[in-house]
Structures are given as structure tokens and as C-alpha cells.
2 protein chains.
Amino acid sequence: MMGNKEFHTFRGYEIIKKNKEHLTPSMEDYLEMIYRNCQEEGYVRISKLAEKLNVKASSASKTVSKLAEIGHLDYEKYGIIRLTTKGEIMGAFLLDRHETVEAFLRHIGVLDTVLLETELIEHYLSIDTVKNIKILNEFLTNSPEVLEKLRHFKANYDDRNPPACGR
Amino acid sequence: MMGNKEFHTFRGYEIIKKNKEHLTPSMEDYLEMIYRNCQEEGYVRISKLAEKLNVKASSASKTVSKLAEIGHLDYEKYGIIRLTTKGEIMGAFLLDRHETVEAFLRHIGVLDTVLLETELIEHYLSIDTVKNIKILNEFLTNSPEVLEKLRHFKANYDDRNPPACGR
DNA sequence: ATCATAAGTTAGCCTAGGGAAACTTTTTCA
DNA sequence: TGAAAAAGTTTCCCTAGGCTAACTTATGAT
């Protein structure tokens, strides 16, 4: 009995969200990385950005132009990339969101794939959900005894739940 | 100082994962929905699937053919859609993953957007992460006192953290 | 049994975002 | 200062997964 909730495919959701000057996941990745670099050096260039994001310069060039059009970047051909105030605010949000997700994944015991999964998940969290995760993170950080219990619970989990078809 | 971690854009990750018979997010959505329907009625048809996923029949037809090629479905032109054993196993996994994410979001207090975000996030979680979230869910379910503390912590959060630039 | 309608498929188009290759601009340095 | 190298851009191509329109197959009612 699943009620009459509205399902959409992943792509469908993306299309729904895509109006106005909505940032796509890729654009968010670019902006986040630009923000990181501008924090350190005040600006960044296409080649460096492309290198850090593991894409080709041609792709970076294209996307940076889009971000500039939307008003997140100060950029003109062959020049350096800087954030506008708008871009600065957005970048700070994106980085914070990233760190929130990353911290959460570490809290629950994800190890090797933290960065990979953070990058994938972060784009799809609403502001509200990020906030809720942030609260959970803080709650756990401030409650070492709870974290301890969780670790204990986790350690015993496999004993209580043997692999399916086990025995 | 962020070390020399490897960043990729969202798209880049997708491309990395995309080898072999990897299911794309859309294909996962289709398979999950097919699984839900087959649980209830044993089979499903293109038109019903398209309706439930809010896509056109032409799109559903295309994707179903792909899923059949990969061996998840028993399907031939104009016929009914059934799961193969392989598809059954995959579908069960997908549904479980979905429910795990959904339960987690509810635990942390996400309300209105639960379905939307579940659909978006689920595709990007590794098996390991799903398992960790599952453990967290169980832990919380089994520890009403912790959940109570979390709710309390959350209730007080805004007092301790006034909106940015507040005052 | 036939024919209208419903269901499904195919072909062709669109978009984002990747890449390669060719071209242009900028920088460097002898 | 001028030529080679590096950096950036443009054009064109590819893929997935939507869509529409046109076509094909299946169904059901008389």
C-alpha cells in the first residue's frame, strides 16, 4: 500500500529542478572548486581548475563561461577567474554542504569512499536536509557516549545479522 | 591544506562508474518500479510503468529494452514485463536501499521532501554506505532515548545558532 | 471477422556535459 | 623582439534520456 505518491525517474527530477538559473551538479562542482581555490589564492585559472576537477580545459572553459553568464564569476576570455559576491555566497554554501555530508559519512563509518560519495550525494540535498544532517553531526559530536554506543552497536551488527542465505 | 585528493565533477564520476553493465540512475528507477509492481501483480506493462514514473511510453519502451538486454527482465516486444532472477535480486536491493534512505531522512527530521530526495540520493550510495545508514537507522530505532535526545537537541538548535547575520 | 481504439515501437530531435583537434591568444625566454 | 611553448577557445562529435510524431501491433466491440 504505497499511497499515491508521485514518482519520477532521476532524470525527471533533474528536469523539474532545471528552471531559472539553477546550477546543475557539474556547475556546482566547478563553483565549489573555484571557491576552494579562491579562498587560497584569490583567483584561479582554467588550466588549474580543469586539472583539479579531472576534466579537459575545453570542458572547463565552457562551464566557466556559463557560470560567468549567470553572474557567479568575474571572467573574461583568457583572463583569471574570480568570484562575484553572488558566487562567493554560493561557493561558501556549497563547501559547507560538502563538509556536512563528508562529516556525516565519517560519523557513520564510511571510510574509503567518503570523497567519492560526498561528491555524488551533495548535489541532491535540500537546504533543509543539509541542516538536519548538520544538526545530527553536531549532536553526535557533542555526545561521545552516543557515538560510543553506535560504534558498539555497529560492531555487533554482523553477529546479529549474518549475511543473507548464511548458515 | 586539502591534500592531494582526487576530485572529479559529478559527470566524471558517472563516467568512471559506467563500465560493464552498470545501471544508470534512470535504469535503477525503472527497475525499482518494475520490482514494486511485480511484487504486487507479478508483471507490469509499459504504459503502467510509464505512468508511474511520469515519463512517456516511448521512453519507457527504450529503457525496458535495455534492461532486458542486460538480463534483468523477461520481455519481448508488445509483451508483459517480468523480472528475471537477476532482476529480482537487483530490484530487492534497490527497494531496500530506497527504504533505508527514506527511513534515515525521516529519522533526521526531513518531512516534505523525503520522497524527492530519496529518489535523488539513493543512486549514489555504495553498498557499504547503505549498510552503515541501515545500522544507524536500527540503532536509532532501538534507542528511543537517543532519538529523544536528538529531538531535544534539534529543538534547541535554532536558539543556539541564530540565522547568519542575525541580531 | 472487421475495424476503431489502445498500446507499443521507432525515428528523429533536444540538452548537458564530457572529449579531441584545430585554432587563437598570451607568455616566456634567448 | 620575435619565435616557441603554454594556455585558452571553438567547433564538432558522443552518450543518456527525455520528448513528439508517425508508424505498427494488439485488443475488444459490434
Side-chain angles (χ1 to χ4, degrees), chain A residues 7-34 37 43-70 73 75-82 119-120 123-124, chain B residues 7-34 37 43-70 73 75-82 119-120 123-124:
Chain A
F7 278 85
H8 297 80
T9 64
F10 172 83
R11 192 83 179 196
Y13 280 126
E14 287 208 323
I15 289 167
I16 286 172
K17 287 200 312 175
K18 152 191 107 166
N19 304 315
K20 317 174 199 179
E21 10 175 288
H22 163 255
L23 296 182
T24 63
S26 270
M27 288 160 85
E28 288 187 350
D29 284 329
Y30 277 92
L31 194 46
E32 189 182 316
M33 186 56 81
I34 291 166
N37 273 265
Y43 71 95
V44 66
R45 296 195 142 274
I46 293 288
S47 54
K48 176 143 186 183
L49 185 58
E51 187 200 321
K52 291 240 186 176
L53 289 170
N54 282 282
V55 297
K56 301 296 168 186
S58 56
S59 305
S61 180
K62 221 195 297 189
T63 305
V64 164
S65 300
K66 269 188 228 162
L67 286 171
E69 260 176 46
I70 303 180
L73 305 178
Y75 181 67
E76 27 197 77
K77 275 190 179 191
Y78 302 104
I80 61 176
I81 303 164
R82 291 173 182 286
E119 286 285 321
L120 291 172
H123 310 290
Y124 299 108
Chain B
F7 279 86
H8 298 80
T9 63
F10 171 82
R11 192 84 181 194
Y13 280 126
E14 288 208 321
I15 290 167
I16 286 173
K17 288 201 311 174
K18 152 188 106 167
N19 305 314
K20 317 174 201 178
E21 9 175 286
H22 163 254
L23 296 182
T24 63
S26 269
M27 288 160 83
E28 288 186 350
D29 284 329
Y30 277 91
L31 195 47
E32 190 182 317
M33 187 56 81
I34 291 165
N37 273 265
Y43 71 94
V44 66
R45 295 196 144 274
I46 293 289
S47 54
K48 176 141 186 185
L49 185 59
E51 186 200 321
K52 291 241 186 175
L53 289 170
N54 282 283
V55 297
K56 301 297 168 185
S58 56
S59 306
S61 180
K62 221 198 297 191
T63 305
V64 164
S65 300
K66 270 190 226 161
L67 286 172
E69 260 176 47
I70 302 179
L73 305 178
Y75 181 68
E76 26 198 78
K77 275 190 177 192
Y78 302 102
I80 61 175
I81 303 165
R82 291 173 181 286
E119 286 286 322
L120 290 171
H123 309 290
Y124 299 108

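Quick caveat, the model's predicted, so the values are computed rather than measured. Letters go in sequence order (proteins before strands), and every chain restarts at 1.
Residue A/Asn54 contributes atom CG, which lies 15 Å from atom C1' of C/dG17 at whole-angstrom precision. The nearest whole Å value for the distance from the CD1 atom in B/Ile80 to the C1' atom in C/dG8 is 15 Å. Between B/Leu49 atom CG and D/dG18 atom C1' there is a gap of 15 Å when expressed in whole angstrom units. A/Leu31 places its CG atom 17 Å from the C1' atom of C/dG17, with the value rounded to the nearest Å. If you measure from atom CZ of A/Phe10 to atom C1' of C/dA16, you get 12 Å, rounded to the nearest angstrom. Summarising the geometry, the separation between NZ on B/Lys56 and C1' on C/dC13 is reported as 16 Å, rounded to the nearest angstrom. Whole-Å rounding puts the B/Met27 CE to D/dG17 P distance at 7 Å. If you measure from atom CG of A/Asp29 to atom P of C/dA16, you get 17 Å, rounded to the nearest angstrom.
Of the side-chain N and O atoms in B/Lys66, one or more sit less than 4.0 angstrom from OP1 or OP2 of D/dG17. Residue A/Ser26 places at least one side-chain N or O under 4.0 Å from the OP1 or OP2 atom of C/dG18. The shortest distance between the side-chain N/O atoms of B/Thr63 and the OP1/OP2 oxygens of D/dG17 is not below 4.0 Å.
Side-chain polar atoms of B/His8 and A/Asp29 form no donor-acceptor pair below 3.5 angstrom.
By the salt bridge (Lys or Arg N to Asp or Glu O under 4.0 Å) test, B/Glu119 is found to be paired with no residue, residues two or more places apart in sequence or in another chain being considered.
When all heavy atoms are compared, the tightest approach of B/Tyr75 to B/Ile80 is CD1-O, 3.4 Å. Closest heavy-atom contact between A/Phe10 and B/Ser26: CB-N, 4.3 Å. Residue B/Leu31 comes nearest to B/Leu67 through the heavy atom pair N-CD1, 4.2 Å, listed as atom of the first residue, atom of the second, then distance.
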*Could you write nucleotides 6-11 of chain D as a row of B, S and -, 5' to 3', where a protein heavy atom under 4.0 Å of any base atom gives B, of only sugar-phosphate atoms gives S, and otherwise -?*
--SBB-
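Between B/Val44 and B/Met33 the shortest side-chain heavy-atom distance does not fall below 4.5 Å. Taking 4.5 Å as the limit, every side-chain heavy atom of B/Tyr43 sits out of range of all side-chain heavy atoms of B/Ile81.
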